[in-house]
Amino acid sequence: MKKRGKWIFVSWIFLVVLFLGGRKAYICQAMQPMTLPGVSPTTPTEPGLPLSLTQSRMTLKIGMKETLKVRNLPSGVKVTGWMSSDSLLASVTSKGRVTAKRPGQAMIRAILSDGRTLSCAVTIPEIKLSSTTLTLVKGKTKKLKVSGTSAQGTWTSSSPNVASVAGDGTVTALKYGSTNIKVKTGQVTLTCKLKVVDPVLNQPELLLIKGHSYTLKASQYTGTALWSTSKKAVATVTGKGKVKAVKSGSAKIYMKANGVTVTCPVRVVSVSLNKVQAMLSTGSKLQLKATGSSIEGSWSSSDSARLKVSSSGKCTAKKTGDAEAVYTVGQSSISCYVIISKKGANRTSGNVLKQKPVGISSLRNQVLGRTSVYRFLQGACTDGTYGYFILGDRYYRPYCALIKVRLSNWKPVKVKKGLKLYHGNDMTYNAKTKTLVVVHGDGDQQGVSYVNPRTLNIKRRVNVGTRIHAVAYNRKRNRYVVGRLGSSAIQIRSANWKILKTIPLLEKNNYARQGIDCDDSYIYVLQSYLAARKNRILVYDWKGNFITQLFITGSLEGESLFHVGKKFTVAYNDSAYSGGTIYQTTIRIH
């Protein structure tokens, strides 16, 4: 029994010693971790977390750097190297430090000792300016910004007098024009095309005569200009800047562009002249006066060689022709149209010449009948004994009618219908060839037809390459005088239609060219102002000098004229275009 108790005691002593000794060994082991020969220490793993890089995707601006690390690397595994799929875009060091170099995308990989790789996608954005085109109003500023790089960059302006740029990209607009704002960062240069605007008008203010217009022009802006007026009752303005003076007073015209509003003050006055048209002979004088406004205007002449105008409005006729005495107030001008005739050329100069009707009041009604389709009087001529008249088809078909009349009693002696003289404009009698010469032409029907005056049949036709509205022939000179459609001049042509001389005509106040006649001394041009019910004959010599102007009675549209001696026959189209009304008058040119 004692022996057994002793054994039990010894056993407890052994257990106590064993417990205390084991505890000491555990503490020592915890303080000094065990290492295996030939294996480097590694980062402790976190049980349950996957192996990865600190970033799987990242965005870097050019020049920026970022270090990648491996997380949860298993025991016994180490990183053996780093690589980049495109080192020109993004490079990486042996320690995982990534540097962005150029815009694009690259893959950075970590290579592990156990053969595995870990990847990170790196995006390097393109370097950009906040604006590549820019419009600035003079005096305004704008800050440009660069994205895609961490570098500050160097800023320059190609035209620093137009716009300057600070080191932080702040642009200041200095004056109207264009320039390129550039920033250089590394190997990259970016450009912003800059336009500096400074909206202005061509007139700082307007002074207009009532009823007149003036178009303001805006410049040095982009986009659309918006126009408005402060008082429509005084002055209106269109969307294109055309200002119309409505009544006396003051107003303001506004033009808005690029956010800037420009103002143009307008003053409207009433001004009139004591004469708007006058006829003078060379050497004579005329005093013009302007009334209606206290604002003083200025006088000038449109042709000082013909008409001299003093600063007080006194006109002196110098040379035959026409000219205007112009009175200018601000941006408006009114004028007196002056026709200057040769001194003593016509005793009735400026007066209206009286006419008398002849025996035929209507060629269509009395000769062809009221139902005839030939109703437009086109032209007339004479051989000294007979008068010849040409009438056009009312439907503009290529046919005409010719009527031959004895001048002594105005009795018709021959009528020819259905002649193919498409749009016969006028005709004359060629005394050398004893032929009626008819000029006609619309479109490609341009030419001259020769007609037998006895039978009224067409003999032949030639193409002269131009459309002629009036013609006359002089036997002594063997010359034609023609008026061409669309031209404000008459031409002297040879017998074979070669152009020898061109004479400009007086054509003011809406007078339209109509008929032509001539003799050994003068050329006579009939003009009609249908809206005003006026007709006149302009007289020139064969050198092209203007001699005089003769107003004639007749409120109808003058179409043609011819003369025998001093008696002139004028043919008209009446208001109903019923085939022509014929009058005679006597003209004396001295």
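Owing to the predicted nature of the structure, the values given are computational and were not obtained by experimental measurement.
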| query | Have D322 and Y337 got a donor and an acceptor in their side chains that come within less than 3.5 Å? | reply | yes
| query | Without hydrogens or angle criteria, can the side chains of T222 and N258 be said to hold a donor-acceptor pair below 3.5 Å? | reply | yes
| Any donor-acceptor N/O pair, R306 side chain to T320 backbone, under 3.5 Å | yes
| query | Do the ring planes of Y480 and W497 sit parallel (below 30°), tilted (30 to 60°) or perpendicular (above 60°)? | reply | parallel
| query | CG of L136 to OG1 of T141: how many Å apart, nearest 0.5 Å? | reply | 7.5 Å
| said: When you compare the side chains of T316 and K285, does any donor N or O come within less than 3.5 Å of an acceptor on the partner? | reply: yes
| Under 6.0 Å between ring centres, would you say that holds for Y254 and W227? | no
| message | Quick check against the 3.5 Å criterion: does N180 have a side-chain atom that pairs as donor or acceptor with the backbone of S158? | response | no
| field | Side-chain donor or acceptor of T54 paired with backbone N/O of K69 under 3.5 Å | value | yes
| field | Heavy-atom check, side chain of V271 versus side chain of T291, under 4.5 Å | value | no
| Do T328 and S298 get their side chains close enough for a donor-acceptor pair, meaning under 3.5 Å? | no
| message | Testing the basics here: between A100 and L60, what is the closest heavy-atom pair and its distance to 0.1 Å? | response | CB-CB, 3.7 Å
| OG of S272 to NZ of K289: how many Å apart, nearest 0.5 Å? | 12.5 Å
| field | Approximate separation, where rounding is to 0.5 Å, of D114 CG and K78 NZ | value | 12.0 Å
| request: Indicate whether the side chain of S528 and that of Q514 have a donor and an acceptor atom separated by less than 3.5 Å. | output: no
| request: Assess the side chains of S302 and E324: does a donor N or O sit below 3.5 Å from an acceptor N or O? | output: no
| N/O donor-acceptor pair under 3.5 Å between N425 side chain and V439 backbone | no
| Heavy atoms from other residues, nucleotides or ligands near NZ of K195 exceed 12 (cutoff 6.0 Å) | yes
| field | Donor-acceptor under 3.5 Å (S213 side chain, K244 main chain) | value | no
| Going from CG on L190 to OG1 on T185, what distance comes out if it is rounded to the nearest 0.5 angstrom? | 8.0 Å
| query | Do T67 and R97 have side-chain N/O donor and acceptor atoms under 3.5 Å apart? | reply | yes
| Would S494 and N496 count as having a side-chain donor-acceptor pair, cut-off 3.5 Å? | yes
| message | Donor-acceptor pair, distance only, cut-off 3.5 Å: does the side chain of S332 make one with the backbone of L208? | response | no
| field | S91 versus S84, side-chain donor and acceptor atoms under 3.5 Å | value | no
| field | Short side-chain to backbone donor-acceptor contact, Y327 and G297, under 3.5 Å | value | yes
| query | With D86, which residues qualify under salt bridge (charged side-chain N to carboxylate O under 4.0 Å, His left out), at least two apart? | reply | none
| request: May I ask you to decide if I111's main-chain N or O and T80's side chain share a donor-acceptor pair within less than 3.5 Å? | output: yes
| Partner of Q491 under side-chain contact (heavy atoms from CB on, under 4.5 Å), chosen from V482, I468, L500 | V482
| Do S270 and S248 get their side chains close enough for a donor-acceptor pair, meaning under 3.5 Å? | yes
